[in-house]
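Report on the following structure.
Keep in mind that the numbers below use all heavy atoms, side chains included, and drop hydrogens, waters and symmetry copies.
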Amino acid sequence: MLLRAIVRLVTFVLLVLLAVSGLAIAIFSIGGSRTGDFNLPGLARLVHLGDLRDQVGELLHDLEGPGSVAGITALCGLAALALGLLLLVGALWPRRERLVILQRSEGGTLAARRRVLGRVAGALAEQTRGVTATKVKVRPGRQRGGRLAVRADHSRTQQPQDVRQRTQLALAPLTEAFGLRARITPRLGQQGRRVE
Amino acid sequence: MVSTQRSRLARVALEAATALPEVAAGVRGRQRVWATADAGEILEGVVATARPDARFDVELHLVAQWPFGSLFGLADQVRTRVRRAAGRVNLDGVLGSITVGFEDVDDRTSRDVGV
């Protein structure tokens, strides 16, 4: 998730840079061979390409000999390689389908989106004695099934472990039938919420 | 107005599924690809795919209407109705597997298709 976000950001920044560079080259190309700064050599002078060439030349010269520069450069190279590999993983790693496959047979497949399952799970959990409100998050599995994270608010008179057990039982028709794993977190309900 | 065996089967399946009170409608999805053209009409939420054995697998992408009981029970009802409806129009011989996907739930207050 984080890698994918970084890949998106890096891609966006690189594309913007590419677009700006292309635009600058296109604009300065209009100048053709006319004298002045409004041509490609002028653009090179503007972005100090000559200085950059000298600096790179110095760096390459330092790299040839032993010393700290060579070590630091090697480390930077390795870091760049690692970063590149991470970005590749972020870009190519298959995205988790937001669909929960509930049943697959020769007759067909039964699948549901997270919202549908969350709604069903919420309705089942709210039927539990002592539960005043629920919040359900569904995380699809890579192949089949998935995980339900249920936060069950309860009243002060209820014991959290009893609420957890009862909610687990209430969710059983969904979790057992479709191979879903439920994690129930009982929480003392806020003041003013529905009282069961 | 072109209507083929495949598109007719898609229509029959979608109509049978959406006739259930617990099914609000079919949806085309974010990419808008879950649809089949039949007789000049776009049927949203159904895809019929040809198989090598000359049958057609039917995929239904549905919005469930809240409240409903078991998803499994609802999917079973959908499949039974589709098979019956296909039988009534002599298309049961070409009906393959029926995939049911519940893409969203309609509670009459909000809709967020393709979550």
Within one Ile-Leu-Val-Met-Phe-Trp-Tyr cluster: L17(A) and F12(A), side-chain cutoff 4.5 Å: no
For S97(B) against E106(A), the heavy-atom pair lying closest together: CB-O, 3.4 Å
Rounded to the nearest 0.5 Å, what separates atom CG in D106(B) from atom CZ in R119(A)? 9.5 Å
For atom CZ of R183(A), is the number of surrounding heavy atoms from other residues, nucleotides or ligands below 6.0 Å larger than 12? no
So with a 6.0 Å cut-off around CD of Q31(B), is the heavy-atom count from everything else above 12? no
Between I72(A) and L83(A), is there a shared hydrophobic cluster once you connect ILVMFWY residues whose side-chain heavy atoms come closer than 4.5 Å? no
Search all heavy atoms of R115(A) against all heavy atoms of V105(B) and return the closest pair with its distance. NH1-O, 3.0 Å
Can you measure from CG (L60(B)) to CG (L110(A)) and round to the nearest 0.5 angstrom? 11.5 Å
Please answer: with hydrophobic residues joined when any side-chain heavy atoms are less than 4.5 Å apart, are L18(A) and V47(A) in the same cluster? no
Minimum heavy-atom separation for V116(A) and E103(B), please, with both atom names. CG2-C, 4.0 Å
So which heavy atom on F68(B) is nearest to which on V120(A), and how close? CE1-CG2, 3.3 Å
Residues A112(A) and L71(B): closest non-hydrogen pair is CB-CD1, 4.1 Å
Between L23(A) and L43(A), is there a shared hydrophobic cluster once you connect ILVMFWY residues whose side-chain heavy atoms come closer than 4.5 Å? yes
Part of L102(A) within contact of chain B (heavy atom distance under 4.5 Å): side chain
Going only through I, L, V, M, F, W and Y residues with side-chain contacts under 4.5 Å, is there a path from V131(A) to L188(A)? no
May I ask you to name which of P173(A), S105(A), G107(A), G118(A) has the most heavy-atom pairs under 4.5 Å with chain B? G107(A)
The reported gap from CZ in F102(B) to CG in L117(A) (rounded to nearest 0.5 angstrom) is 10.5 Å
